[in-house]
Amino acid sequence: MSVHLPVLQVVVPLLAAPLCAFLRNARAAAIVAVLASWTALAIALSLLGDVMSAGVISYAIGDWAPPIGIEYRVDIVNAWVLVIVATIASAVAPYMITSVEDEVERRRIPLFYAAYLLCLCGLLGIAITGDVFNVFVFLEISSLSAYALIAMGTRRRALTAAFRYLIMGSVGATFIVIGIGLLYVMTGSLNMADLAVLLPEVWDSRTVKVAYGFLGVGFCLKLALFPLHLWLPNAYAFAPSSVTAFMASTATKVAVYMLLRFFLTIFGAPFSFGVMALDRVLLPLALVAIVSMSLVAIFQVDVKRLLAYSSVAQIGYMILGLSFASVTGLTATLLHLFNHALMKGALFMALGCVVYRIGSVHIDAMAGLGRRMPFTMAAFVVGGLSLVGVPLTVGFVSKWFLILGALERGWWPVAVIVLLTSVLALVYVWRVVEAAYFRPYEGDEGDEGAGEAPWSLLAPTWVLVGANLYFGMNAVRTAQVAERAAEVLMTGVGP
Amino acid sequence: MRLDFFVSQYNYWVVIFLMMVGFYILISRGNLIKKIVGLNVFQTAVFMLYISMGKITGGTPPILVDGGHGGGEAAEQVMYSNPLPHVLILTAIVVGIATTSVGLALAVRIKEAYGTIEEDEINRIEAETEAGE
């Protein structure tokens, strides 16, 4: 049984999805979704344990030996990303039960869970597969279900946001297919490990460089790197709360993983940094993303959209770590994948609680909520502090490694920018805190509607908040895994 | 020499032309249906890129020629086109159809919600409702 864990990782949510659609009962579908998510987490954790102790796991689908057949290849990097996605799914799925009943039309709820599970299946699939065309297929599975999930938002602008995401996402995916096709022309292989061996012989060819360019643009569209982020703010702002919490902490992370996997494992660090100067291309983009998007976030009045812009800035931090072209920088990137998933998950889930009670996340509507919804707003404050990078939270750990990486390269101005933009994050988090705690409640005092959110929403939110604090204080374990993963990426495919 | 270069690689020129046409429609047209059409042309260009690169001049379809018995040696002699890109594109076509159907479904719901599928009108309505909030 445990031999088949890699394929079960993908098959469990894939089979649970049609089950949800056939059940036609909201509660039953929700239970299936929760169980499937928890199973995925159990499998991911066991895979990570196996990989940490025994090294790379290779699984041949249908027993067709790679490189002819499709290979699922799990090393520390994949296992790490699988754990991130499955952790967030396991926290968000129970949260969905109450949140979705409130925000999605009743007859659509089973289909909602089916789309959610397909999205989960796609994201896990991208992370686990060792075949480049398979990446594209899973990418489209996750993207198409994401468009449907976003379109289920309560306001009609969710539809236009989903449509815009569909157009830009499909263009990005098509660019990736072009890149994969050009790689196939040059090497005749689609297996990642095989490609990594074959590619160095054809480094000089223009086709490979063009493939690199197409793949780069495609990934940057998918991971919303400035200036290709335009689809993201509206998609996050108008999607149902639980979808925003799930997507914001998983979809862009998996896209970052794709970028790392293609550019460092397949093309190899010497090609990316030596021939293509990837670091020098990404560094300015990352810095502009961090500074400009943090500034834009300060002026938002819709708190969901504020956090969406903050997400684009945070993606900048991840790419910044990559642009250091060092193990420390990559450790920061990989740590921030996990840490940002925890903090944004917690923040968007806290906002979902607010939506459940008062139906709006406009900053004025949140006035005085600190007293009305103490646990919800406390969760928001902890998540916000983590976003700023205050010690004892996970945000601090990421920033620490980022600054370490910058100083290691001798780029102290970059380190200063990282510190200064943390102040910008403090400003936009403070605006919400100020409204919630220092402004009077504007509604009717006797109004029961604006009480604390139900525990079925609060409990999953606080699980993630707790994770923010726990992994902020005990960062040794996560940092160890991230560092080993970074070493794997920098050294390329081992024997 | 130069003409030869153009003619011998004509499949790539067709692909590039189609790709740019599709991309241009996608960017320049405000009508959501036309955007989807542009996206389709764009994706089809990529399908043709894959399929044309699997073709060998004079190659046969990849089918065993002598009835399948002891075909190993005979098959070595036969020059056949690479079937793998075709199979990949079969998958990509399915993905393209799924994308189109989701896009069209969204366009229908946008028409129901806004009463139009012209992007500039939708933007105007959105700006008005935002100002009204």
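Given the structure is predicted, the values throughout are model-derived calculations rather than measurements.
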Q: Decide yes or no for A/Met192 and A/Asp131: does some side-chain heavy atom of the first lie under 4.5 Å from some side-chain heavy atom of the second?
A: no
Q | Name of the residue among B/Phe17, B/Phe47, B/Phe23, B/Tyr24 meeting ring pair (Phe, Tyr, Trp, His ring centres under 6.0 Å) with B/Phe42 | A | B/Phe23
Q: Tell me, out of B/Leu88, B/Asn82, B/Leu39, B/Leu26, who's got the most heavy-atom pairs with chain A below 4.5 Å.
A: B/Leu88
(Q) Which one wins on heavy-atom pair count under 4.5 Å against chain B: A/Tyr184, A/Tyr147, A/Phe163? (A) A/Phe163
Q) Where does B/Ala45 contact chain A at under 4.5 Å (heavy atoms): side chain, backbone, both or neither? A) neither
**Q.** Donor-acceptor pair between A/Asn234 and A/Thr160 side chains, under 3.5 angstrom
**A.** no
Q | Side chain / backbone / both / neither for B/Thr99 at chain A, heavy atoms under 4.5 Å | A | both
Q | Salt-bridge contact A/Arg108-A/Glu105 (side-chain N to carboxylate O under 4.0 Å) | A | yes
(Q) Please rank B/Glu112, B/Gln43, B/Glu119 by heavy-atom pairs under 4.5 Å with chain A and give me the top one. (A) B/Gln43
Q. Are A/Arg156 and B/Tyr114 in a cation-pi setup, meaning NZ or CZ lies under 6.0 angstrom from the ring centre and within 45 degrees of the ring axis?
A. yes
**Q.** Sub-4.5 Å side-chain heavy-atom contact between A/Leu215 and A/Ile180
**A.** yes
**Q.** When A/Leu182, A/Val137, A/Val185, A/Val171 are compared by non-hydrogen pairs under 4.5 Å with chain B, the top option
**A.** A/Val171
Q: Sort out for me which of B/Val102, B/Ile125, B/Ile110 touches chain A most, counting heavy-atom pairs under 4.5 Å.
A: B/Ile110
